[in-house]
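Everything numeric here is computed off the predicted structure, so don't read it as measured data.
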Amino acid sequence: MGRQGDAMRRAMLRAAATAASLLCGVAAAAAESRVALVIGQSAYRAVPALPNPVNDAKAIAALLGEAGFEVTEASDLGQTELRAKVGDFAATVAAKGPETVALVFYAGHGIQVDGENYLIPVDIDPKREADIPLQAVRLDDVLNTLGSVPSKSRIIMLDACRNNPFPSINKTTGQGLALVDTKSGAPGTLLSYSTSPGAEAEDGGGANSPYTTALLKAGRENGLKIEDTLKRVRLAVHQATEGRQTPWESSSLVDDFQFFTASAAPPIDTAAPKPRTVEEWRAFLKGKPVDQANTLIVSDGSADAYEAFVGLYAEPPFAPEAKRWLDRHRRMKAWSRAVLVNTGSAYLAFLTEYPDSDLTATARKLAERLRNRPDTAVVVPAALATPVVAAAAPTCPCGPGAPALQQKAEPKKTDVKKTKSRAERDDPPKRGGKASRTRVYVEDEDDVVVRRPPIYDPPPGPVIQFGGGFRGGYGGPYRGGGQTGPSRGRY
């Protein structure tokens, strides 16, 4: 009886814990509407199947169901089905109302082409890079579709960035996914990558990927804000992969979100600390053992933390690993600036700064495509506006035997004086199909004025549509690669 009694008590405790977890989810759901779209892409037809994405999707769907989400689960979708699922999900979010938390989890292949990120349907079979925009689904289209309907928060979690499996194009596209800055779009969005921009994620040797495994554990901790949940995910994945994979996120959330609310136990203090500068990180880390310092910077995930660490420590394996992360992060930010500006001179500036990287072929191709296009003004978000090396008539051939591009040096960037009236600054360009060629004036002195092709501004209003296009002005509804925002046609 004693053993049977112990077994019964353990069973009762497990049942009570499960019930408490479900009650926490129900309590959270009572305060706000929660809807989720969970997609797992395993059965690719033209390339080897991925073992884990369908498993990952099932496990995450169960977690979200416990957390009070109304979950739509789908797997092994072709392009038409994938687009339809996203469109139907946006309609569900709109029907639920503006107090809705919308979460999308995607596991499967994802790649970048010409600075654009794409989610890969299972029926894709590209023979060249130009096939990807026609056969895949742009991440920006998903973000814009969700952003076009009122909601409280939009959370997109991508267990993607796996290796590019298509032999016809995997030597010319950049590694991993391009950086996306959610702060440049509508507030209320969090985008989480299973690994840092420009890096590749692992499918995992067990039933789930390293990212999903960590998320299943950290997500069930009561009372944690999602930012703190993702810090624990980042550290767990980094440790599980011995530094080969470090998750990354960009957030413009304005409301707190927890998968499970705090229990009757004392609440966890999850107040977001003020970000440290490089100097503050250096003072904070100085004197700490290298492994402890490495744990602190990986958990934080900021470039300032990594820069301070690299300046203080030289011991392998942590210091070389941190330096690789920092170098890749800087390169991906520079690439994001070039793609956003999207002019020949912007890509030449990137090539001057990074002449030999996995993005070199793409930058040369886009510089060649845009060599005769005039530059006009655009404002780069301050988050991306770190100094750029000016490209002054570089001799950078954009293909075998191609002549050197003749490109005028960029004019010196100067701060925009606020001499214009508010009406002159804020007055939108005239409608009717005429391109705007006026200089952009901004209130924020941290923004940097650079140059870009003219764009056409359609009448304002929500846009729920999918589209694609080739970087360099070959069409497409969205004006800036890797940045969320309203849809705009381009010339």
Side-chain angles (χ1 to χ4, degrees), residues 111-118 128-130 132-133 138 140 169 171-181 184 197-198 327-381 384-413 448-455 468-476 478-483 490-491:
I111 63 175
Q112 63 162 311
V113 174
D114 290 0
E116 294 273 13
N117 293 324
Y118 293 88
R128 60 196 65 83
E129 286 185 20
I132 295 295
R138 287 201 323 165
D140 276 341
I169 63 173
K171 298 294 190 297
T172 56
T173 58
Q175 292 182 349
L177 295 181
L179 183 149
V180 175
D181 177 25
S184 66
D327 290 343
R328 182 171 59 244
H329 179 77
R330 288 170 173 168
R331 183 174 70 251
M332 295 310 296
K333 283 192 70 174
W335 178 239
S336 183
R337 289 194 303 270
V339 171
L340 176 62
V341 177
N342 195 36
T343 63
S345 58
Y347 293 116
L348 290 172
F350 175 84
L351 287 167
T352 301
E353 193 173 4
Y354 297 100
D356 185 17
S357 75
D358 60 304
L359 296 165
T360 297
T362 301
R364 286 176 175 169
K365 175 183 65 179
L366 297 177
E368 169 68 13
R369 185 181 295 170
L370 293 163
R371 62 180 177 177
N372 294 322
R373 171 173 290 179
D375 292 353
T376 53
V378 71
V379 177
V380 170
L384 296 175
T386 52
V388 184
V389 178
T395 57
C396 177
C398 296
L405 296 177
Q406 298 301 317
Q407 195 82 21
K408 291 183 179 180
E410 282 281 78
K412 183 179 179 181
K413 315 287 191 301
V448 176
V449 175
V450 294
R451 304 184 69 79
R452 61 164 298 132
I455 57 175
F470 298 96
R471 179 63 48 196
Y474 281 29
Y478 188 67
R479 69 169 186 158
Q483 312 298 325
R490 2 194 351 184
Y491 293 94

Exercise. Measure the spacing between CZ of Arg331 and CG of Leu179 and express it to the nearest 0.5 Å.
Key: 12.0 Å
Exercise. Drop me the distance from Arg369's CZ to Lys365's NZ, to the nearest 0.5 angstrom.
Key: 5.5 Å
Practice problem: For residues Ala334 and Glu353, report the shortest heavy-atom separation together with the two atoms involved. | Solution: CB-OE1, 4.0 Å
Quiz item: Any sub-3.5 Å donor-acceptor pair from Thr172's side-chain atoms to Thr362's backbone N or O?
Solution: no
Quiz prompt | side chain to side chain contact (heavy atoms under 4.5 Å, CB included) evaluation trace for Tyr354 with Leu359 | solution = CA-CA 9 Å; Tyr354 297 100; Leu359 296 165; over 6 Å; no
Quiz item: Any idea which heavy atoms bring Ala178 and Gly115 closest together, and the distance?
Solution: CB-O, 3.8 Å
Quiz item: If we only count heavy atoms from C-beta on, is the Gln112 to Val339 side-chain gap below 4.5 Å?
Solution: no
Quiz prompt | Donor-acceptor under 3.5 Å (Ser336 side chain, Met332 main chain) | solution = no
Quiz item: In Å, rounded to the nearest 0.5 Å, how long is the span from CG of Asp181 to CG of Leu340?
Solution: 9.5 Å
Self-check item: By salt bridge (Lys or Arg N to Asp or Glu O under 4.0 Å) - contacts of Arg328 (at least two apart)
Solution: none
Quiz prompt | Evaluation steps, side chain to side chain contact (heavy atoms under 4.5 Å, CB included), between Ile132 and Thr173 | solution = CA-CA 11 Å; Ile132 295 295; Thr173 58; over 6 Å; no
Quiz item: Would you call Tyr347 and Asn342 a side-chain contact if the rule is heavy atoms closer than 4.5 Å?
Solution: yes
